[in-house]
Amino acid sequence: FKSLINISLQFSNFLCSRFESFPIQSRQKQKKLLHTGMSKFTLILTSLNLQVLDKCKIFSSVSLLVFITFSVRSQDIRNTVGNIPMEWYKDYPHIGYDLDGKKLFKPIRNKDELDEFLDKMENPDYWRTVQDKMTGADIRLSDEQVDLVHRLQQGKFGDVNFNEYEPAIDFFSNEVMIHPVTNRPQDKRSFIPSLIEKEKVGKLVHAIKMGWIKPRRPKETTPQYYDLWAKEDPNSILGRHKMHVPAPKMKLPGHEESYNPPPEYLMSEEERLAWEQQDPEDRKLSFLPQKFACLRAVPAYSRFIHERFERCLDLYLCPRQRKMRVNVNPEDLIPKLPKPKDLQPFPTTQSLVYRGHSSLVRSISVSPSGQWLVSGSDDCTVRFWEVSTARCLKTVEVGGAVKGVAWNPNPSICLVAVSYDDTVVLLNPGLGDRLVCTASDQLISSYEEPEEVKDQLVQWAVAEGEGHEQGHRLILKHPKAVRQVTWHGKGDYLACVMPDNGSSLQVVIHQVSKRRTQNPFRKNKGLVQCVSFHPIRPYFFVATQRYVRVYNLIKQELTKKLMANCKWISSMAIHPGGDNVICGSYDCRLAWFDLDLSTKPYKVLRHHKKALRSVAYHRHYPLFASGSDDGSVIVCHGMVYNDLLQNPLIVPVKVLKGHTITHDLGVLDVTFHPTQPWVFSSGSDGTVRLFT
């Protein structure tokens, strides 16, 4: 019965293949073929001598199978082009024709490599999907078909049920027979030349002689060369190329190249000498215009070979790729920043001017309460001002030009550090609460010297006499000139900077309560410009010419090294939160560092036109300011968010002007009011100005 089913399937495939070979109109031929096939199939069944089933039942069942096969196949979209190379349809939108003679269009394939990769990753049936070359469609292989492919790859038989080791059946006996199996004589056509082929060959020979058929010539293998700059018209092959770059055209000759130019094109003797002294690249003309009586008197051009060679270089070195310009709106490149009105409050106007100094005011500082202001000048005086009235309450004379002043940030201590030459003086101005001033004097007078006196780098001395009456309390003598003084947040430690590139003694830290001095560094890491204490953690910031080093005072080791990307750092300020630092430099740059982000600047601002002298943060408001030699103070909004994933927002909001530039110096120091959004600035014109 299995062999019967196999025969019926083969027979149905045979009928379908013969059906597809007929055109649609010849239905009678198809019916005749079907009846002929059925009769042949009946003879096959008769030759099999099948006695198990009735022949009529078998015939009806096979007819039903053939009918089912025809009905299923009639629904298929089949390509009837036959066994031809499918590359012939490569340039056409269709891939063949169906049984009705209609075009079979290729499926739309707009997948790129990325889509193909995503399909490969996401589609679980990607590995069993193949493309049908006859229809161009993607076909998903069934499990049986995949199993068949695996069996064929392994060299096995396609049919699972086929037994290759079943016993062989000898159709012929082993005994040699006298008579052959078939004794049919050979046909006459097997040993006589074919007349039909002779006639065809004669027709082909006659067609070749008449020139109707031209035999194929072997293709020329010689390479074809073409001129890269031959034609520039759009109809040529090069002109139609998308990225074709036309040859650079030569400049057309002008009047100066004439053999009889106008007089204004001829050079005078001075112009000719100047032309000869110029470099060939700087000359407007590559030759000297000359005048001849007639064309016959014109000699051969001496630079002809040079100009032809340069022209060949222009063609040879011309870039062959056209750069595609991107049309970008310039306004889209500007970052969208909030309006300054939405970022208030910040200082906008000049409210008060503190006049009294006769020379440069190099340093200023505000008391922790915000009521008093101290300023140091090159006129060897330190002045104390009332902030709200600009009234000078006290003037203290010192023995040199004041380089730096710093008010103790501890509200329970009233001390001001003043540096001039190689001396640092701690002053008690006696302003404000008397209890605080008295407690400050008691802190200094209650010191008891230890039994073992050690040699220190700095000489500590208590002020007496007239100096004590002016407010001097302690005098610290340093081995070198002191440039900067700065307090720790708790008010007991004081750091001093003595710039000297050849020595390791550039930074010293004093402890006022115990009158001790220590040098935190053994090696010289460069010329120190300024130092600062971290407002919260035990970190110490040291700024050299190009780097800012962050040291851990407890572990006594280097924590970070910030690269400012500028030539010379002038000033530094630490954000009250402690995670951001700004540095001003003499090359007109302000660098903002985010310590959690990178050791390189998060943003570099170039708003000033001259060197920056000072930078400062506000303690409570998101503001920072910078003073420059161009006489201006630029106030910026610098918001630092608690969310570590959000970058700081930096927006310049106001340019404050008021100082007069003197001796090429402008604003020398800036500082903010501790509680109000006000900024103080000192300048080379001898004034201190308050902007509110």
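Values below: all heavy atoms of this structure, side chains included; hydrogens, waters and symmetry mates excluded.
Thr381 and Val398 make their closest contact through N-CG2, 4.5 Å (heavy atoms, listed as atom of the first residue, atom of the second, distance). Between Pro677 and Leu623 the shortest heavy-atom distance is CB-CD1, 4.3 Å.
Partners of Asp629 under the salt bridge (charged side-chain N to carboxylate O under 4.0 Å, His left out) rule, at least two apart in sequence or in another chain, are Arg613. By the side chain to side chain contact (heavy atoms under 4.5 Å, CB included) test, Thr687 pairs with Val353, Arg355, His659, Asp685, Arg689, sequence neighbours left out. Residues satisfying the salt bridge (charged side-chain N to carboxylate O under 4.0 Å, His left out) criterion with Asp492, sequence neighbours excluded, are absent altogether.
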Handout entry: Pair His357-Ser359, side chain to side chain donor-acceptor pair (under 3.5 Å): steps then yes or no
Key = CA-CA 6 Å; His357 288 289; Ser359 185; over 6 Å; no
Problem - Full working for salt bridge (charged side-chain N to carboxylate O under 4.0 Å, His left out) between Asp587 and Lys567 - result: CA-CA 7 Å; Asp587 54 353; Lys567 295 181 180 178; 6.0 Å; no
Handout entry: Verdict with reasoning, Tyr586 to Gln545, per side chain to side chain donor-acceptor pair (under 3.5 Å)
Key = CA-CA 10 Å; Tyr586 291 116; Gln545 287 187 8; over 6 Å; no
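Here the CZ-OG distance, from Phe384 to Ser367, works out to 10.5 Å after rounding to the nearest 0.5 Å. If you take NE2 on His534 and NE2 on His488, they are separated by 10.0 Å, rounding to the nearest 0.5 Å. Atom SG of Cys583 and atom CE of Met563 lie 13.0 Å apart (nearest 0.5 Å). Distance check, rounded to the nearest 0.5 Å: CD1 of Ile569 to CD of Gln529 gives 7.5 Å.
Ring centroids of Tyr602 and Phe593 are separated by 6.0 Å or more, keeping the two rings apart. Checked against a 6.0 Å centroid threshold, the rings of Phe521 and Tyr551 count as neighbours. Aromatic ring centres of Trp372 and Tyr354 lie farther apart than the 6.0 Å criterion allows.
Salt-bridge check for Asp630 with Lys609: failed, with every basic side-chain N at 4.0 Å or more from each acidic carboxylate O. Using a cut-off of 4.0 Å between Lys/Arg side-chain N and Asp/Glu carboxylate O, Arg537 and Asp579 are scored as salt-bridged.
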